[in-house]
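On a predicted model such as this, the values are computed, not experimentally measured, just so you know. These values consider heavy atoms only, across backbone and side chains, with no hydrogens, waters or symmetry-generated copies. In this chain, numbering begins with 1 at the start of the sequence shown.
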Amino acid sequence: MDTPDVGIPEQLAKRLSMPEQHEYLRAQHARPKVSRRSALAGGLVTAAAAGGAGLLVGGADKADAAGSSAPRAAAAPARTEIDGSLVAPFGRHLAFGADPKTQMRISWQAPFAVRRPYLRVGLRPWDLSRRIEAEVRDLHTPSLSGKLPEVDQLYFHVALDGLEPGTTYYYGVGHQGFDPASPERLSTLGSFRTAPARPARFVFTAFGDQGVSYHALANDQLILGQNPSFHLHAGDICYADASGQGKESDTYDARVWDQFLAQTESVAARVPWMVTTGNHDMEAWYSPNGYGGQSARWSLPANGFDPKAAPGVYSFTYGNVGVVALDANDVSYEIPANKGYTDGRQTAWLDRRLGELRRDPDVDFIVVFFHHCMYSTSTHASDGGVRDAWLPAFTKHQVDLVINGHNHVYERTDAIKDGEVGKKLPIGASTDPTRDGIVYVTAGGAGKELYGFPAGVKDSFEGSVNDRESIVTFHWTKARLPDPDRVEWSRVRYAGYSFLAVEAETGSRPRLTVSALAENGERIDHFEVRRGR
């Protein structure tokens, strides 16, 4: 009979503190000695699955499936199943459920058909005794252009509920033949931490328009260095659809999603990656509304007005910050493919949800993120549709910060009140939304090709081009025509790769400190939001 190795694998030792290493060794010594032959015959996977009952409630959350997979023009080709030990899962990404204190959703994929995909989870990386079967969502994409191959993709999802607040959990994903708890697979383990029971200081990050590129990967690694509690992605996620018009004539390469999820895994496997929907995410082949692909790949909070129709519309509260995700395709004047698809239900839900958050005594700040820009001077300029639909609710409920993508630059406004500058906000200044208005940030420099600013308008770290002059640009009208804008609210502009890092603090004078960081780590902008009392 073989004797188990009681040393600590190098890749695991790097993750454990000295007390945890001691506990690991003690647990290894206490394990019953099992030969390799008996393990293969009896199946340690089955034995482990029987243990750990009651740690948490898990399973596939059907409400969070949020949509269907692709409609079938013809039967999908038969899958070729291979030895599961030769197939490694990839593309792990986390997302909160509606309650970040007690819910986490874990998603991943496999390049080939595998048997019995599952997740292991526990409070220690050497005791992943709780095993949960995964929900399988398959997605078939035909050869839309005649040049690209048809593609079949498999995505796996597990919904974890009943978690303990402020607790670190370890997990591994696998399938028959690939056990993440086996010694040779320990390097594939991930971890996450639930939101604390009581509000405390934390950091979150945000950007939009990422795609697959060296710059996208570089931004991911800088984000990881901020140790964020979660990340907001304001749409145009991977650019499998290069057109972004949401039309049936659009073609897209579904394989780009595989590249994107593999690229993002180093961060998204440990930081909840909260996405919403951009115009390049309307992949018209999939139903409904071109969002079937998004629903197959992501499990997001299912608490919006209609999770199946609009998977990118939801909200959650983390600490003292309420976060609301919106789908601007519903109201955009510029790109009207999905305009009006919610028949006003999203806007009505937004008004109700903002009211609920503002009445919550534990919520100090409300952050809203969506794709199309409400205020920007770059290539796509401002979308009058989002202004007309949502500005009244933002003003009514005194939203504290709005984050957009769409324009591949960084641009930040002064505080805007009733369509005008309520307070000039130079770098390092502080604003009070109850008095001054709302600050709008375009954070679209996540990794896709960069844009610029209107002719004669340069990057600026010191404020507007001239505080006595204005920038002439435009916004999109209901007739889908560009209407001139004379802009005085554009405060900081940067035509480089960047992202946002937002620090939320509690206490007698809670505040948000908003920083923009360039790809080289330079802090290019920062300001503070404090609400009046």
Side-chain angles (χ1 to χ4, degrees), residues 60-68 93-105 107 137 157 159 161 195 206 208 230-237 246 272-279 281-283 286-318 321-332 338-360 363 366-372 385-386 389-390 392-394 396-397 399 402-405:
D61 187 342
K62 298 300 182 184
D64 272 4
S68 63
H93 50 285
L94 306 176
F96 292 130
D99 181 7
K101 295 190 294 292
T102 64
Q103 296 179 320
M104 189 68 72
R105 280 62 180 120
S107 307
R137 302 179 197 168
H157 302 265
D161 299 307
F230 57 88
H231 177 74
L232 305 180
H233 194 311
D236 280 8
I237 301 171
W273 209 253
M274 310 303 293
V275 305
T276 190
T277 315
N279 58 294
D281 305 318
M282 295 187 291
E283 298 171 327
Y286 313 115
S287 65
N289 306 310
Y291 298 156
Q294 184 180 31
S295 296
R297 297 178 178 103
W298 302 89
S299 285
L300 298 164
N303 60 357
F305 70 95
D306 188 342
K308 290 185 177 181
V313 180
Y314 57 88
S315 71
F316 64 92
T317 298
Y318 191 105
V321 178
V323 179
V324 178
L326 299 175
D327 177 9
N329 293 317
D330 176 34
V331 297
S332 171
N338 272 354
K339 187 178 182 307
Y341 83 92
T342 75
D343 195 25
R345 290 181 297 156
Q346 178 178 200
T347 300
W349 173 85
L350 171 65
D351 183 52
R352 293 194 303 271
R353 187 62 187 133
L354 291 179
E356 293 166 355
L357 289 171
R358 190 50 77 202
R359 290 189 296 272
D360 188 335
V363 173
I366 299 175
V367 174
V368 180
F369 74 110
F370 52 93
H371 186 63
H372 302 61
V386 295
W390 297 336
F394 291 175
K396 172 184 175 182
H397 300 290
V399 167
V402 174
I403 300 171
N404 300 138

* Between the main-chain N or O of T342 and the side-chain N or O of R345, is there a donor-acceptor pair closer than 3.5 Å? -> yes

* Polar side-chain atom of H397 near backbone of V399 as donor-acceptor pair, under 3.5 Å -> no

Mind checking the [atom1]-[atom2] spacing from [X] to [Y]? Nearest 0.5 Å is all I need.
X: S315; Y: L300; atom1: OG; atom2: CG; answer: 12.0 Å
X: E356; Y: D351; atom1: CD; atom2: CG; answer: 10.0 Å
X: H93; Y: R105; atom1: NE2; atom2: CZ; answer: 13.0 Å

To check you understand the geometry: which heavy-atom pair defines the closest contact between [X] and [Y], and what is its length?
X: G322; Y: L357; result: CA-CD2, 4.2 Å
X: G97; Y: F316; result: O-CB, 4.4 Å
X: P100; Y: A98; result: CD-O, 3.5 Å
X: P307; Y: G304; result: CD-O, 4.1 Å
X: F370; Y: A234; result: O-CB, 3.7 Å
X: Q294; Y: P311; result: OE1-CG, 3.4 Å

Would you say that [X] contacts [Y] through its side chain, given a criterion of any heavy-atom pair below 4.5 Å between the two side chains?
X: S299; Y: R137; result: yes
X: V367; Y: V324; result: no
X: D327; Y: Q346; result: yes
X: L354; Y: V368; result: yes

* Structure fact -> Those residues at least two apart in sequence (or on a different chain) that pass ring-ring contact (aromatic ring centres under 6.0 Å, His included) with H231 are F207, W273

* Y318: partners by ring-ring contact (aromatic ring centres under 6.0 Å, His included), with sequence neighbours left out -> F96, F202, F230

* **Cationic N near anionic O, under 4.0 Å, K339 to D330** => no

* Is D281 salt-bridged to R297, cutoff N-O under 4.0 Å? -> no

* Sequence neighbours left out, what passes side-chain hydrogen bond (donor to acceptor under 3.5 Å, both in side chains) with T317? Give chain and number order. => none

* To do: List in chain and number order the residues that pass side-chain hydrogen bond (donor to acceptor under 3.5 Å, both in side chains) with N338, two or more places apart in sequence or in another chain; answer none if no residue qualifies.
  => Y291

* Using the test salt bridge (charged side-chain N to carboxylate O under 4.0 Å, His left out), find all partners of D360 that sit at least two apart in sequence or belong to another chain. => none

* By salt bridge (charged side-chain N to carboxylate O under 4.0 Å, His left out) - contacts of R352 (at least two apart) -> none

* Non-neighbouring partners of N279 that pass side-chain contact (heavy atoms from CB on, under 4.5 Å), sequence neighbours left out -> D236, M282, N329, I335, H371, H372, H406

* To do: For T102, check side-chain contact (heavy atoms from CB on, under 4.5 Å) against everything at least two apart and list the hits.
  => D99

* In this structure, which one of V402, V275, T276 forms a side chain to side chain contact (heavy atoms under 4.5 Å, CB included) with F369? -> T276

* Asked: Of V386, T347, T277, L350, which is the lone residue that meets side chain to side chain contact (heavy atoms under 4.5 Å, CB included) with L326?
  -> L350

* Asked: Between S107 and W298, does any side-chain donor sit less than 3.5 Å from a side-chain acceptor?
  -> no

